[in-house]
Amino acid sequence: MATIFPTPLISFFLSLIIFTTASETDLLLTFKTSISDPLNSLSIWSNTSQTHFCNWTGITCTKSPPSVQTLNLQNLNLSGEISPSICQLPNLSNLNLANNFFNQLIPLRLSQCTSLQTLNLSNNLLWGTIPDQVSHFSSLKVLDLSKNHLQGQIPHTLASLKSLQVLNLANNWFSGKLPSSVFGNLSELLLLDLSENPFLMSEIPQELGKLETVQQILLQRSNFYGGIPSSFVGLLGLEVLDLSQNNLTGTIPLGLGLGLGKLISLDISQNKLSGSFPTDICLGKGLINLSLHTNFFTGLMPDSLEKCLNLERIQVQNNGFSGDFPYGLWTLPKLKLIRAENNRFSGEIPSSISMAAQLEQIQIDNNSFTGRIPQGLGLISSMYRFSASLNGFYGDLPNNFCDSPVMSIINLSHNSLSGRIPEIKKCRKLVSLSLADNSFTGNIPVSLSELPVLTYIDLSNNNLSGEIPLGLQNLKLALFNVSFNRLSGSVPFSLISGLPASFLQGNPDLCGPGLPNLCTNEVPKKRSVRPTGLICALVSIAFVVGFMIVAAGLFVMCRSSHNKSFSGNWKSVSFYPLRVTQQDLFMGMDERNIVGRGAFGNVYIIHLPSGEFIAVKKLVNVGSLSSKALKTEMKILAKVRHKNMAKLLGFCFSDESIFLIYEYVHNGSLGDMLYGSDFSLEWSIRLQIAMGIARGLAYLHKDYVPRLLHRNIKSNNILLDMDFEPKITDFGLDRIVGESLYQSSMASELNPYYYMAPEHGCSKKATEQMDVYSFGVVLLELITGRKVEEPESVDYVDVVKWVRRKINMINGAYQVLDPKISNSSQQEMLGALEIALRCTSVMPEKRPTMFEVIRLLQSLESKPCPLTGFSISN
Ligand SMILES: *[C@@H]1O[C@H](CO)[C@@H](O)[C@H](O)[C@H]1NC(C)=O
Ligand SMILES: *[C@@H]1O[C@H](CO)[C@@H](O)[C@H](O)[C@H]1NC(C)=O
Ligand SMILES: *[C@@H]1O[C@H](CO)[C@@H](O)[C@H](O)[C@H]1NC(C)=O
Ligand SMILES: *[C@@H]1O[C@H](CO)[C@@H](O)[C@H](O)[C@H]1NC(C)=O
Ligand SMILES: *[C@@H]1O[C@H](CO)[C@@H](O)[C@H](O)[C@H]1NC(C)=O
Ligand SMILES: *[C@@H]1O[C@H](CO)[C@@H](O)[C@H](O)[C@H]1NC(C)=O
Ligand SMILES: *[C@@H]1O[C@H](CO)[C@@H](O)[C@H](O)[C@H]1NC(C)=O
Ligand SMILES: *[C@@H]1O[C@H](CO)[C@@H](O)[C@H](O)[C@H]1NC(C)=O
Ligand SMILES: *[C@@H]1O[C@H](CO)[C@@H](O)[C@H](O)[C@H]1NC(C)=O
Ligand SMILES: *[C@@H]1O[C@H](CO)[C@@H](O)[C@H](O)[C@H]1NC(C)=O
């Protein structure tokens, strides 16, 4: 084909291309000189660079001839001046400088860029007003000035930007009234965003209703007042309307629902709107009755019910709406979210709600809804939140009310529901169940204890009877309120010890330790021997419960002046409702009950007359803290609440000694287990133990206030419960006995020496890194199955040195792994070994934090390892 053209013509074209190329390069370089580019993102923009400007950062060119079409320099921390030189780029149509630090007036001279169609200056530091000359940007289709500091009135002259499709002025400091005339002229507009302009003082102009093609109108949080214009009824293309968090009053324009066939999201929440909704919203005219019948009997949608078929989200909460909630809204096929709480809506939820098969969330608390909870609700398998408290629902709960497999929050408190609470089996993701303040009767469903993540149960103020299901103590409950029912029988132990007694009040027939009634089978045998004055008052702590529990202390003192065998003035404080007398403690302090001996004193397991066990640590050599300071410190320790920290139930003290009362943990200490001859926990459990210890320590180090150090992590201080969940004990003793006594006592103890970080000797201050080191040693014990020291062995070294020596040999890493564990866990164990070596690094600053340790351990768990118990080798 080329032969058709004479050669001179070709070279003419070539020279033309080279000419334009050169000049565009120069224009870009001129633009660059006025810009400050701290990250050097534009380093490739240079004369000397071999790269064609079309391949420079942020530039996209037209095909042929190559010429700059788009300049996209967002997110580069640029500042300086936006030079209008780029307006001479003949084909520049998109300029995006969003997310930078340009601090200037709106660069009006860019309006000279005749081919500019998109201008995005969002998220800079632009200031000043929009001047009238903005009308010069006559060919703009997209103008985004959001997230700047623009002020003043929005000018009338915007009306000249007739091709505008996107106008985003959100998140600025505009003030005054919106010019009503502007919007009638922007006939191409698709998106109007004026949200988050807190200084506007304007009504919503009627003219907005003329934007026939507009798809999104976002006016939230901009201080609009007055009514919703009736002209909005004509917005036939509208998909998203957000008028939330303004000061709007009046009613919904009659017929608003009728036109909005494309509407996907309607948010008019948090205004002062009132009146009733047009009942025909989302229904064809006069179809209400017809649809009622059709829905009930055939479950089919009448053909003419064609409105709002695209609606996914409707939010009208926190207004003053009244009247029946529009019936047609309950059955829309694409609807996901209904929020209407805190209004005065009435009406019923129809059973045909099951047609809204994509519904995920309904929040209609605090209205005047009545009727029954329909069966149809349970058929919606995407539902995860149903919150309808403070209404007038009555009748039985349908058996399927919690059948959705993703259901996680149900709140039906403060209604008039009655009958039995159905057994709940299918909603295995249920987290929160509140049925408080209704008239339910019958038993607490046993099946609740089978729901693995249930954390919050409020059944207070009903008429429930029978016993509290024992299985509930397997749940990790943050709240279990059954107060004011007619429950009876004994309360499962862990419920009574783990939760405040106020959650049980108002059930006169419940019995158990800490309650007004002891159960008959646990009345202590030798009661007559005990002077009544000795019984410590049972004190519970008021909990503030969200999903986290924080305890605040309420202390009651009791003295035992009668007891001759223990001289001195004894005081005790309990943090949990625990029925223990000092007599019980003293009787239990028997050599036979000692389970551990440590630098500070012995640990006893005491079997109380009530049948429960507690662990008591007796600190003999107590420091010089005043009893007030001691109580303060104890309170700090008692408030440590974490699954992996042993609970401090209370304490007793005299001038000579302190008894710390801990929860009893079933499986003894990790140390006992390691030192037992048949230690053979499987790897998944060892990893779980390591993870638990890491979580407990991370909590002490970072989440707990005040931050605590443990200072004495060793396998003997890790207790294991029935499921091998570790519980760290002995934390914070330094705070009780005082620093100097703590150090001298620790020095006298041989064993912990091996758990101590090497810098311990030369550094006065205890650090987090020292705890990390000790953790690393415990992790090595878990990996190797070796005790921290093996006195009998020939190469008598501690586990850290032993491992370090071994791994220097060929295949040494494999040799340190506990041979009792099967090869299939080898990879995970090697990974854990690497973590343990980092934790036991000689250089404190090379050790990871406990949070990093958690993350590293988690990354080892390739697959979730189910708890399969442990095996004992023969
Ligand atoms: C941009 O770079 C690519 C390869 O890196 C090259 O193929 C292309 O020709 C360059 N474009 C221009 C206009 O130089
Ligand atoms: C860009 O600026 C922000 C805000 O000053 C800063 O946080 C960020 O680190 C900067 N980006 C880079 C890569 O320096
Ligand atoms: C680029 O601009 C020139 C001059 O205005 C024009 O002739 C040419 O058609 C444009 N090219 C493209 C691809 O728009
Ligand atoms: C402008 O740029 C920002 C940042 O990339 C982006 O989020 C926004 O959507 C852009 N505006 C328009 C209208 O495309
Ligand atoms: C808006 O449009 C009307 C009618 O087309 C016209 O008379 C008026 O001048 C326009 N307003 C502006 C500011 O362009
Ligand atoms: C809403 O309007 C009332 C009176 O019209 C005014 O007192 C109040 O400050 C406004 N509230 C907001 C958030 O603008
Ligand atoms: C219930 O809604 C009304 C407004 O209708 C409000 O004043 C009241 O505070 C709400 N009650 C609760 C408990 O949220
Ligand atoms: C249940 O609703 C009541 C009343 O609206 C409210 O006080 C309570 O916090 C809600 N419970 C949960 C768990 O959301
Ligand atoms: C509970 O049941 C008793 C007797 O059946 C009845 O008198 C009482 O009103 C009921 N209380 C509630 C809150 O429903
Ligand atoms: C437990 O329920 C009772 C009765 O409804 C209530 O008074 C108490 O505040 C509730 N406690 C908590 C912590 O929710």
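Since we're looking at a predicted model, the values are computed, not measured. Order of appearance sets the numbers: ligands from 1, and atoms from 1 within every ligand.
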Under 4.0 Å from a heavy atom of [X]: give me the atoms of ligand 8 that qualify, with their elements.
{"X": "Ser432", "result": "13 (C)"}
{"X": "Ser389", "result": "2 (O), 3 (C), 4 (C), 5 (O)"}
{"X": "Leu390", "result": "4 (C), 5 (O)"}
{"X": "Asn411", "result": "1 (C), 2 (O), 3 (C), 8 (C), 10 (C), 11 (N), 12 (C), 14 (O)"}

Scanning both residues in full, the closest heavy-atom pair of Arg420 with Gly442 reads NH1-CA, 3.8 Å

Taking every heavy atom of Leu451 against every heavy atom of Leu430, the minimum-distance pair comes out as CD1-CD2, 4.1 Å

With the threshold set strictly below 4.0 angstrom, can you tell me whether any protein non-hydrogen atom sits that near atom 11 (N) of ligand 2?
yes

Margin query: Tell me which one of Asn247, Thr249, Asn319, Asn246 satisfies side chain to side chain donor-acceptor pair (under 3.5 Å) with Lys272.
Written below: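 Between Lys272 and the candidates, side chain to side chain donor-acceptor pair (under 3.5 Å) is satisfied uniquely by Asn247.
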
| query | With under 30° as parallel and over 60° as perpendicular, where do the rings of Phe31 and Trp45 fit, or are they tilted in between? | reply |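 Phe31 and Trp45: tilted rings.
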
Quiz item: Where does the angle between the aromatic ring planes of Trp330 and Phe325 fall among parallel (under 30°), tilted (30 to 60°) and perpendicular (over 60°)?
Solution: tilted

| request: Examine the side chains of Ser79 and Ser36 and answer whether a donor and an acceptor come within less than 3.5 Å of each other. | output: yes

Q. In the protein, which heavy atom is nearest to atom 4 (C) of ligand 2, and how far is it?
A.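 Looking only at protein heavy atoms, the one closest to atom 4 (C) of ligand 2 is Phe101 CZ, 3.6 Å.
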
Could you tell me which atoms of ligand 10, counted from 1 in the order shown, lie closer than 4.0 angstrom to a heavy atom of Phe503?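 Those qualifying, in numeric order: 11 (N), 12 (C), 13 (C).
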
Quick note on ligand 10: atoms under 4.0 Å from a heavy atom of Ser460 include exactly 2 (O), 4 (C), 5 (O)

Tell me which one of Asn77, Asn99, Leu39, Asn75 gets a heavy atom nearest to atom 3 (C) of ligand 2.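 Looking at heavy atoms only, Asn77 sits closest to atom 3 (C) of ligand 2.
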
Requested in this report: Would you check whether Ser434 has a nitrogen or oxygen atom less than 3.5 angstrom from a nitrogen or oxygen atom of ligand 8?
Outcome: no

(Q) So, 4.0 Å and heavy atoms of Ser483: is ligand 10 close enough to count as a contact? (A) yes

- Message: Tell me whether Glu725 is salt-bridged to Lys727, with the criterion being a basic N under 4.0 Å from an acidic carboxylate O.
- Response: no

- Message: Geometry only, no angles: is Asp458 polar-contacting ligand 10 at N/O separations under 3.5 Å?
- Response: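 It does not: no N or O of Asp458 is found under 3.5 Å from an N or O of ligand 10.
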
Original post:
After noting the C-alpha distance and the side-chain angles of Asn318 and Asn342, does the key distance pass the side chain to side chain donor-acceptor pair (under 3.5 Å) rule?
Top reply: CA-CA 5 Å; Asn318 297 318; Asn342 301 325; 2.8 Å; yes

